[in-house]
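Down below is the structure, laid out as structure tokens.
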Amino acid sequence: MLKAGRSQEEIRRHNLGVLLRHVHLGGPLSRTALADRMGLNRSTIMGLTGDLASAGLVREELPKDTGKAGRPSLVVRPESGRFHVMAFDVRVDRLVAARVGLGGTILDRREAVRPRAGADLDDVVGTLAAFAREMDREAPSDSVCVGVGAAYCGMIRPGDGMVRFGPNMGWVDQAFGTELGLRLGLGLPVAVGNEAHLGALAELERGVGVGFQNLVYLHGDVGVGGGIIVGGKLLDGDGGYGCELGHMMVNPYNGRPCGCGSRGCLEAEVGEQALIDAAGRSSELTGREGVRAVVEAADRGDPAATEALLRIGDWLGIGVANLINLFNPGLVIFGGMLREVYPGAAAQVHRRVEANVLVISRERVRLRVSALGDDATLVGAAELAFSELLANPLEVLATRTGRIETEAAPPASR
């Protein structure tokens with residue numbers, strides 16, 4: 001919504017960002033479709049697309065086959081090969097890095113196992129920086145990096161990417177964003193977000209949540225994280241640490257111990273170890289592969305694995321019922337490890353929803369698994385990295401390309 005009294009230049013800058021965002025998220029769109037979506041006339045759209053094309057951010061071309069008489073509307077495409085971001089996803093047991101082109105195309109990626117060895121900031125930053133250097137060397141020489149984003153499995157201080165608390169790996173007040181930025185040497189700040197918050201935004205913009213304004217995203221890893229979208233915006237809390245859904249109390253009296261120091265948190269009752277323990281296989285299984293092994297055993301009819309999924313499903317259902325009553329979402333999404341667990345636990349979750357959710361709130365809510373799968377948090381990190389460019393395309397691009405020219409210029413003779 002544009003505020004009254006804005007100058008023509010401010011309106012133009014806003015519309016450039018909106019248009020670029022449409023083709024970035026929606027893919028190639030005709031000028032006519034863009035005019036309809038933005039509520040602008042065709043001549044205004046032509047001017048905006050011309051500015052973006054001159055900057056190299058989009059290209060315009062004739063549609064391949066219109067099937068209609070008359071002059072076809074030109075199609076506007078994002079220039080994925082010319083502009084990219086670096087995106088990083090720091091999970092409990094895996095590190096992922098990707099070079100992502102404008103339009104959301106993953107152009108290159110690297111992955112490594114992350115040992116569960118406690119506070120490992122230097123190792124994490126070193127691995128990610130090495131991946132980034134490899135991808136940068138292999139990128140086309142004319143491709144420009146316009147941002148850097150990272151998802152981390154912990155509580156992130158807004159602004160500087162400080163990990164205030166990462167319970168599963170013992171990170172407390174670790175300067176992740178600052179250290180990664182220094183090691184990358186790209187001259188760009190690293191925007192860092194909580195992995196479940198970014199997963200929620202990714203599903204809203206590119207996944208199963210497209211078209212919804214109110215949703216809850218539950219992300220399973222070792223524990224459970226969450227993101228809540230209200231009115232199309234992330235609910236982030238007073239300090240940016242909101243939506244720690246995994247630490248919602250569901251079993252306060254006989255609950256399992258949680259990594260946060262409490263007992264009976266949702267993540268303690270439905271997380272990785274809870275499932276493996278309930279299946280009686282804690283001596284032989286661990287990690288995501290352990291979760292997958294229990295789920296596969298249940299699919300084969302193994303009684304202990306089946307009972308474990310039912311038990312986990314009941315606790316998960318209690319958490320989901322509370323969230324639906326509190327936020328009245330149109331959609332609840334299960335991502336990460338929960339994407340694998342949910343199909344076998346769905347019956348129990350639905351029973352809890354039927355028994356414990358207010359009738360009016362459960363009339364329209366849908367329960368779905370993530371459409372983006374394990375890449376939801378990586379996609380969210382990429383979108384975080386693109387956010388400044390999409391807000392102010394020409395100014396950000398001028399700043400970035402100007403920096404590149406300055407860095408590449410030979411020193412002045414004395």
Verify side chain to side chain contact (heavy atoms under 4.5 Å, CB included) between Leu397 and Leu57, making sure each step is shown before the conclusion. CA-CA 9 Å; Leu397 188 58; Leu57 289 163; 3.9 Å; yes

Would you check if the side chain of Ser73 reaches a backbone N or O of Thr32 as a donor-acceptor pair within less than 3.5 Å? yes

Roughly how far, to the nearest 0.5 Å, is the CG atom of Leu182 from the OG1 atom of Thr178? 7.0 Å

Is it the case that over 12 heavy atoms from other parts of the model lie below 6.0 angstrom from the CZ atom of Arg366? no

State whether the side chain of Arg77 and the backbone N or O of Pro28 hold a donor-acceptor pair below 3.5 Å, judged by distance alone. no

Please test Arg12 against Glu9 for salt bridge (Lys or Arg N to Asp or Glu O under 4.0 Å), starting from the C-alpha separation and ending with a verdict. CA-CA 5 Å; Arg12 172 180 167 276; Glu9 181 57 31; 3.1 Å; yes

If we ignore hydrogens and angles and just use 3.5 Å, is the side chain of Arg263 paired with the main-chain N or O of Gly255 as donor and acceptor? yes

Looking only at heavy atoms, the pair that brings Phe88 and Ala381 closest together is O-CB, 3.5 Å

Between the side chain of Ser143 and the main-chain N/O of Ala139, is any donor-acceptor distance below 3.5 Å? no

Indicate the atoms forming the closest heavy-atom contact of Gly227 with Leu245, along with that distance. N-CD1, 4.2 Å

Report the C-alpha distance between Arg13 and Glu10 in whole Å, list the side-chain angles of each, state the deciding distance to 0.1 Å, and finish with yes or no for salt bridge (Lys or Arg N to Asp or Glu O under 4.0 Å). CA-CA 5 Å; Arg13 186 184 306 127; Glu10 287 175 319; 5.1 Å; no

Could Glu134 and Arg137 be called an ion pair, given the rule that one side-chain N must be under 4.0 Å from one carboxylate O? no

Is there a donor-acceptor pair closer than 3.5 Å between any side-chain N or O of His84 and the backbone N or O of Arg99? no

Between Met38 and Leu19, is the side chain to side chain contact (heavy atoms under 4.5 Å, CB included) condition met? List the steps. CA-CA 8 Å; Met38 295 177 65; Leu19 193 153; 3.8 Å; yes

Heavy-atom check, side chain of Asp299 versus side chain of Val295, under 4.5 Å: yes

Please report the C-alpha distance between Phe334 and Arg339 in whole Å, then the side-chain angles of each, then the deciding distance to 0.1 Å, and finally whether the side chain to side chain contact (heavy atoms under 4.5 Å, CB included) criterion is met. CA-CA 5 Å; Phe334 301 94; Arg339 188 172 184 267; 5.5 Å; no

Please list, one pair per line, the donor and acceptor atoms closer than 3.5 Å that link side chains of residues 386-394 to other protein atoms, with sequence neighbours excluded.
from, atom 1, to, atom 2, distance (Å)
Ser387, OG, Leu384, O, 2.7
Asn392, ND2, Glu395, OE1, 3.3

Side chain to side chain donor-acceptor pair (under 3.5 Å) contacts touching residues 220-249 (sequence neighbours left out): none

Gap between atom CD1 of Ile229 and atom CG of Leu331 - 0.5 Å precision: 11.0 Å

Under the side-chain contact (heavy atoms from CB on, under 4.5 Å) test against Met86, which residue among Leu188, Asp136, Val190, Leu184 passes? Asp136

Tabulate below the donor-acceptor pairs under 3.5 Å that side-chain atoms of residues 308-321 make, not counting sequence neighbours, or state none.
from, atom 1, to, atom 2, distance (Å)
Asp314, OD1, Arg352, NE, 2.8
Asp314, OD2, Arg352, NH2, 3.2

Asp89-Thr377 side chain donor-acceptor pair, cut-off 3.5 Å: yes

Within the 3.5 Å criterion, strictly below it, is a donor on Gln273 or Ser282 matched to an acceptor on the partner's side chain? no

Atom CG in Leu107, atom CE in Met135: separation rounded to 0.5 Å? 10.0 Å

Flag side-chain contact, heavy atom, 4.5 Å: Asn322 against Met248: yes

Do Val124 and Leu95 come within less than 4.5 Å of each other through their side chains, counting heavy atoms only? yes

Sub-4.5 Å side-chain heavy-atom contact between Leu285 and Glu289: no

Residue pairs passing the salt bridge (Lys or Arg N to Asp or Glu O under 4.0 Å) test with at least one member in residues 26-44, sequence neighbours excluded, are Arg31-Glu60

Indicate yes or no: does Glu267 engage Arg256 in a salt bridge with an N to O separation below 4.0 Å. no

With a 3.5 Å distance limit and no angle check, can you tell me whether Gln174 reaches the backbone of Trp171 through a side-chain donor-acceptor pair? no

May I ask you to say whether Arg206 pairs ionically with Glu383, meaning some side-chain N is under 4.0 Å from a carboxylate O? yes

Test item: His197 side-chain N/O and Gly240 main-chain N/O as donor-acceptor pair under 3.5 Å: no

Could you check Arg116 against Glu272 for salt bridge (Lys or Arg N to Asp or Glu O under 4.0 Å), going step by step and ending with a plain yes or no? CA-CA 14 Å; Arg116 298 187 184 186; Glu272 167 193 299; 3.0 Å; yes

Under the side chain to side chain donor-acceptor pair (under 3.5 Å) definition, can you give me all pairs with a residue in residues 150-165, not counting sequence neighbours? Arg114-Tyr152, Arg157-Asp160, Arg164-Asp173

Side chains of Leu218 and Val224: does their closest heavy-atom pair fall under 4.5 Å? yes

Determine whether a donor-acceptor pair (N or O, by modelled atom type, separation under 3.5 Å) exists between the side chain of Thr44 and the backbone of Leu40. no

With heavy-atom distances below 4.5 Å as the criterion, would you say the side chains of Phe176 and Leu128 are in contact? yes

Side-chain contact test, heavy atoms from C-beta onward, threshold under 4.5 Å: evaluate it for Leu204 versus Leu215 and give yes or no. yes

Keeping Arg59 on the side-chain end and Val76 on the backbone end, is there a donor-acceptor pair under 3.5 Å? no

Pairs satisfying side chain to side chain donor-acceptor pair (under 3.5 Å), at least one member in residues 181-196, at least two apart: Asp122-Arg183

If I take atom CG from residue Leu20 and atom CG from residue Leu48, how far apart are they, to the nearest 0.5 angstrom? 11.0 Å

I'd like to check His219 versus Leu338 (side-chain heavy atoms, cut-off strictly below 4.5 Å). Are they in contact? no

Assess whether side chain to side chain contact (heavy atoms under 4.5 Å, CB included) is satisfied between Val210 and Glu205, documenting all intermediate values. CA-CA 6 Å; Val210 171; Glu205 295 174 339; 5.9 Å; no

Examine distances only and state if a side-chain atom of Glu203 and a backbone atom of Ala376 form a donor-acceptor pair shorter than 3.5 Å. no

